[in-house]
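Read the structure below first, then the notes.
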Amino acid sequence: MEEKKKARSTEKKKGLPDLPNAQIGKVVLRYAPDPSKYPHIGHALNYMINELYREKYQGKAFLRFDDTNPQKVAREFYDAIRDGMKWVGCKWDEEIIASTKMELFYEKGRMLISNSDLYVCQCDQETIRKNREQMMECSCRVRSVEENLELFDRMIAGEFPVGSAVIRLKGDMRSKNAVMRDPVMFRLIDPQKTPHPIVGDKYWLWPTYDFESSILEKELGTTHVLRSAEFGTMRVELQSYLIKLLGGVPPVFHQYSRFRITGAITKGREIRELVEKGIVLGWDDIRLVTISGLKNRGIVPEVVKDLVLEIGITATNATIDWKKIETFNRRHLDASAPRLFTALDSVKVRVEESPVDQITLRYHPTNDSLGERTLSLTGDFFVSGHDVFSLSEGDVFRLKDLFNVRVVEIADVITLEYAGKELIPNTRKLQWVPVSQALSLEYTIPHSLINPDGSINENSLELRKGVIEDSITAFEVGSLFQLERIGFAKLNKRRDRVIYMHEIHK
RNA sequence: GCCCCGGUAGUGUAGUCCGGCCCAGCACUACGGGCUCUCGCCCCGUCGACCCGGGUUCAAAUCCCGGCCGGGGCACCA
């Protein structure tokens, strides 16, 4: 019994569950973002899910931009998405931009019209909506193939005003699934008013998502669609139906639930509001969970994988605690980040007759590859004000990794005296910065953007000052550190003798 | 309103298909302890859950029915 329990607990653990109908080497996946927003952690998770399955089955993956709504897509997002995917560590074999496949969509449109699967509908939007609700077919449905073909080409040519006609699928107006009730496959969009960032003002007639993605699913030979549940289960029937009409085999659809992050704003619209109101500094603000925000914050991409493996691809709504992200990140950073001494709200102390004038310290207690630095000492040090606060005259404490000191006098400058080199068990140990090697530190601490009551926290950036050892100048801007006894931090910039950093997390 | 889907400790999950090996496993958090020249990492321990009500059965987290709660969808968005 004991053994069985053990087997059960160790057997799982790593990796995502198997996909149905998946064979090594034959899986075809696609990342299908729509370039109308900056990618956030949710997209990162989606990318990673696909990436993990691509690896698991040694499959093929496409990056496919579903950019068939010129009213929404914008140039800047294509690169933001590519960058996000690269950061997360996703690989793709080929990139497809849907808007460059318009002739294919038209060709398939004509084919389906010829097969009487599509028809031109000239009812207005409201009528279409009502008819679908009441399961009623409209008279446009009986138009001849020839006439449909002619109208289709005239729509492509821009001869119809926007809104005056659409192309619909001859579905099933009596279906329980409302999506199957003759959905719109093409609609008119004025290219003069909203030119497309990739193809400009060339096209009037644009496929809808269901049509576009189904065509491309078939062309690409997609075997598995892994996406979040926001697409809805009703679309699966439609898209499968369309793919069959085109002579393809529908992929396996796997839709996992969306998730929330506690203390973070994940809705694109709300992030946009924060950016526009100037509450955050931009889409890459360190308080945001956009991919660029996380990257800026100092979250390492491995965390995305950790999260996916932890959450899996279940249908239940998951709430990710931001603390979880910190925990995962801390583990990665703990192994790789150099340690540095910092004193916040620094206070100067003087050690009289300091017997040591130089010391070499490792950047990491166990990671040899990070090397070491040598600090020269004059007897004058900075320590954190917070530490000094609780000191009384006569107290003995230790300057960490250096020697013990006894408090002689607490005045403007705190005077200490050397009190031995040997480590005394249970002594307090304070980190220190030699005055001769101290640079000013501007330390920003990000707090949650949301107050416990749900309102926006307008003061979510706390600024603290201190000093940091000048060893930091040996590192590049963007490097990640552990400031001992303070937290993990990222170097943002250096200006003259001032170092700018922010706290990634404790 | 109409369609789906889901509800296992504070959180995330395993188990549910094919009822017994589950008086429910793992991880994070919290708490306690150990290690450590960091308030970090690591190690050990403790608390803690099958939404509710019926039914089927020798036996139900697992099957059936009803309820409650949560999520998604029902666009000329993706």
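Below, chains carry the letters A, B, ... as their sequence lines are ordered, and counting in each starts from 1.
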Answer yes or no on whether A:Arg331 is positioned over the face of A:Phe328, meaning its NZ or CZ is under 6.0 Å from the six-membered ring centre and within 45° of the axis. no
Could you state the atom-to-atom distance from CZ of A:Arg129 to P of B:G73 in whole Å? 18 Å
Is A:Arg330 touching bases, backbone alone, or none of the nucleic acid, heavy atoms closer than 4.0 Å? sugar-phosphate
For A:Pro197, check side chain to side chain contact (heavy atoms under 4.5 Å, CB included) against everything at least two apart and list the hits. A:Val73, A:Arg75, A:Tyr78
Convert the base pairs of RNA chain B into dot-bracket notation, remembering that pairs crossing earlier ones are written with [ ] and that bases paired across to another strand are shown as |; include only Watson-Crick or G-U pairs under 3.5 Å. (((((((..((((......[....)))).(((((.......)))))....(((((..]....))))))))))))....
Over all strands shown, is A:Lys323 touching base, sugar-phosphate only, or nothing at heavy-atom distances under 4.0 angstrom? sugar-phosphate
Out of B:U13, B:C41, B:U11, minimum distance to the side chain of A:Thr314 belongs to B:U13
Using residues 300-312 of chain A as the side-chain source, report each donor-acceptor pair under 3.5 Å to any protein atom, sequence neighbours left out, with the distance given to one decimal.
{"residue": "A:Asp306", "atom": "OD2", "partner": "A:His332", "partner atom": "NE2", "Å": "2.7"}
{"residue": "A:Glu310", "atom": "OE2", "partner": "A:Lys324", "partner atom": "NZ", "Å": "2.7"}

Base, backbone or nothing for each nucleotide of nucleotides 3-9 of chain B, written B, S, -, heavy atoms under 4.0 angstrom, 5' to 3'? -SSSS--
Side chain of A:Ala318: nearest nucleotide among B:A78, B:C28, B:G12? B:G12
Proximity to RNA chain B (any heavy atom under 4.0 Å), residues of residues 34-43 of chain A only: A:Asp34
How would you list all residue pairs meeting salt bridge (charged side-chain N to carboxylate O under 4.0 Å, His left out) that involve residues 359-375 of chain A, not counting sequence neighbours? A:Arg362-A:Asp368, A:Arg373-A:Glu469
Beyond-backbone contact of A:Pro35 with A:Ile81, side-chain heavy atoms, under 4.5 angstrom: yes
Measuring from the side chain of A:Lys400 (C-beta onward, heavy atoms only), which nucleotide among B:U38, B:U13, B:A78 has the closest atom? B:U38
